[in-house]
Number of protein chains: 2
Amino acid sequence: MTATRPSHPRRSQAERSAATRTRVLDATVASLLEKGHAATTLAEVQQRAGLARGTLLHHFPTRAALMVAVVEEVAARRLGVLGERAGAEARASAHERTGPQTGPQTDTRTDPRTGWDAAVDLVQADLADPVFLAVLELWVAARTDPDLRSVLGPVERRVFATVHATVAGVVGDEDPRVATLVQFTVDLLTGAAMTRLVDPSGSAQARVVERWRRALPVLLGRADADTWL
Amino acid sequence: MTATRPSHPRRSQAERSAATRTRVLDATVASLLEKGHAATTLAEVQQRAGLARGTLLHHFPTRAALMVAVVEEVAARRLGVLGERAGAEARASAHERTGPQTGPQTDTRTDPRTGWDAAVDLVQADLADPVFLAVLELWVAARTDPDLRSVLGPVERRVFATVHATVAGVVGDEDPRVATLVQFTVDLLTGAAMTRLVDPSGSAQARVVERWRRALPVLLGRADADTWL
DNA sequence: CAACATACCGTCGGCCTGGACTGTTTGTGA
DNA sequence: TCACAAACAGTCCAGGCCGACGGTATGTTG
């Protein structure tokens, strides 16, 4: 049988289906970013994905189903990227500074580079990613949309838990203060990220993050309260 | 002429106009809270305000104009309440604890009550107010709505500046670390407030705020890093 | 090869939205 | 007292949205 003819790369149904599915989800996230949740209509998504209307509703029978799928997809991506970055960080710290791969802005002259620096980078990288804005759209929409709400609650709780566990793994969790400090860091950077909605330049945001990075050792008792500013 | 007949409390045009205007704005904020920005239609607002359709469009010729007015109105209210609370706090601290008026949850047994406790209360009261959720709707909507964006940017910058100045006034601004710590507090509590979108109970939120309250003295050098948790 | 299942496509109707329009009542100035 | 302005009210229309439906092409199974 001429099943696997290389000249004609006829994909199987499963492959085709998965491909268009991801195309739809990518298009939806992009629309969420550019147009927001309310303006992310089926027509908009269909046009971006380059599909026909019926195709869209074949994969996702309703708009709500599409949004639910986006929530799960985005959460999975975020956690995947997070784990990837954490793994890279773990390998880098295992090699104990073989080379300045990540290269933060300024050479940290006092301390080589604590696990907390990596932790802050980890959280900040997640929140600075444009996809966070898409997540924000979904959060706010979920507040008044029961369908979204019912699925977004559990998903985001899992995300939070995984983020905490991952970050705690980077800094080491023997200290009882770690959990609270991770929470501080996540909340503080989240709040700072909100500033981007009002001030898109993000200059104030960067300054706050940098100062928080220097304040953390004080709360751990590794630095004096007079030195962090 | 029967102009000022007390039995018929006929309000002047200016009074009537102002009254319906605030009714419309109140109804819009309420709808923003319950239904969100996208579902806050003219019909919804009209129905809540108990007015005819034409009346609404007489005061606010377009939906965008209505939202702009809401942005300014809500900002003014927030700042008004903030100043009021700050004034009450200043008077209370001037009387130097004549009575436990505000009465926070637990008796702060170590320290009587620092200015920072009041500052945290001030920020937290603002963010815990339901109207913050309405503001959040407008923030997120403004990200993809140029009309809203152009007016919300300057307004919120003014709000930020006023909040910082007010809070700094409560704690005293001789210490150079005050500005940064106020920023930390605002951002941290803002991020914690975001958690309510996912976990409406807000239990985690309260815990974080309480711990931040105890962490602040450490960053000011007034407490040891081992004592705050 | 035949029959079926599934991916893909285009069109239609019902619904709701925002804004324009005309008409009515009430206050104010000449 | 009269004339004008402004608050208030009801109706209409174009446009966009979602979801249902019937139809076609492609892959899979017996």
Side-chain angles (χ1 to χ4, degrees), chain A residues 1-5 7-25 27-28 31-32 35-70 141 144-145 147-148, chain B residues 1-25 27-28 31-32 35-70 141 144-148:
Chain A
M1 48 183 127
T2 67
T4 60
R5 193 141 51 121
S7 57
H8 267 219
R10 283 197 183 157
R11 301 169 297 176
S12 72
Q13 287 188 6
E15 284 173 323
R16 289 175 63 187
S17 183
T20 58
R21 184 188 158 89
T22 60
R23 270 174 69 189
V24 169
L25 292 178
T28 307
S31 173
L32 241 38
K35 304 294 188 74
H37 175 262
T40 296
T41 72
L42 294 186
E44 179 73 27
V45 173
Q46 170 216 337
Q47 200 171 343
R48 285 175 183 264
L51 297 174
R53 182 165 190 81
T55 306
L56 192 55
L57 270 73
H58 171 69
H59 285 269
F60 303 97
T62 165
R63 200 188 106 108
L66 173 60
M67 289 300 170
V68 168
V70 168
T144 51
D145 182 339
D147 286 337
L148 257 185
Chain B
M1 51 185 124
T2 66
T4 58
R5 192 141 52 123
S7 58
H8 267 220
R10 284 201 181 152
R11 302 168 298 175
S12 73
Q13 286 187 6
E15 284 172 323
R16 291 176 61 187
S17 182
T20 59
R21 183 187 159 90
T22 60
R23 270 174 67 190
V24 170
L25 292 178
T28 307
S31 173
L32 240 38
K35 303 293 189 76
H37 175 261
T40 296
T41 72
L42 294 186
E44 179 74 27
V45 173
Q46 170 217 339
Q47 200 171 343
R48 285 174 183 266
L51 297 175
R53 184 165 188 79
T55 307
L56 190 57
L57 272 74
H58 172 70
H59 285 269
F60 304 97
T62 164
R63 199 188 108 108
L66 172 61
M67 289 299 169
V68 167
V70 168
T144 51
D145 182 340
D147 285 337
L148 257 187

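Computed over heavy atoms, backbone and side chain alike; hydrogens, waters and symmetry mates excluded. To find a chain, count down the sequence lines: A is the first, B the second, and so on, and within it residues start at 1.
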Does A/L42 reach a base, just sugar-phosphate, or nothing at all? Heavy atoms under 4.0 Å.
sugar-phosphate
What's the shortest heavy-atom distance between [X] and [Y], and which atoms?
| X | Y | answer |
| --- | --- | --- |
| A/L56 | A/L42 | CD2-O, 3.4 Å |
| A/A49 | A/V24 | CB-CA, 4.4 Å |
| A/A39 | A/S31 | O-OG, 4.4 Å |

Please give, in whole Å, the distance from [N] [atom2] to [X] [atom1]?
| X | N | atom1 | atom2 | answer |
| --- | --- | --- | --- | --- |
| B/L57 | D/dA9 | CG | P | 13 Å |
| A/L56 | D/dG19 | CG | P | 10 Å |
| B/H37 | C/dT17 | NE2 | C1' | 14 Å |
| B/Q46 | D/dG10 | CD | P | 8 Å |
| A/R23 | C/dA7 | CZ | C1' | 13 Å |
| A/R53 | D/dG23 | CZ | C1' | 17 Å |
| A/H58 | D/dG19 | NE2 | P | 17 Å |
| A/R63 | D/dG19 | CZ | P | 8 Å |

Would you say the side chain of A/F60 lies within less than 4.5 Å of the side chain of A/M67, judging by non-hydrogen atoms?
no
With respect to the phosphate group of [N], does any side-chain polar atom (N or O) of [X] fall under 4.0 Å of OP1 or OP2?
| X | N | result |
| --- | --- | --- |
| A/T41 | D/dG16 | no |
| B/T55 | D/dA9 | yes |
| B/H59 | D/dC8 | yes |

Considering only C/dC8, C/dT17, D/dT11, which nucleotide approaches the side chain of A/T20 most closely?
C/dC8
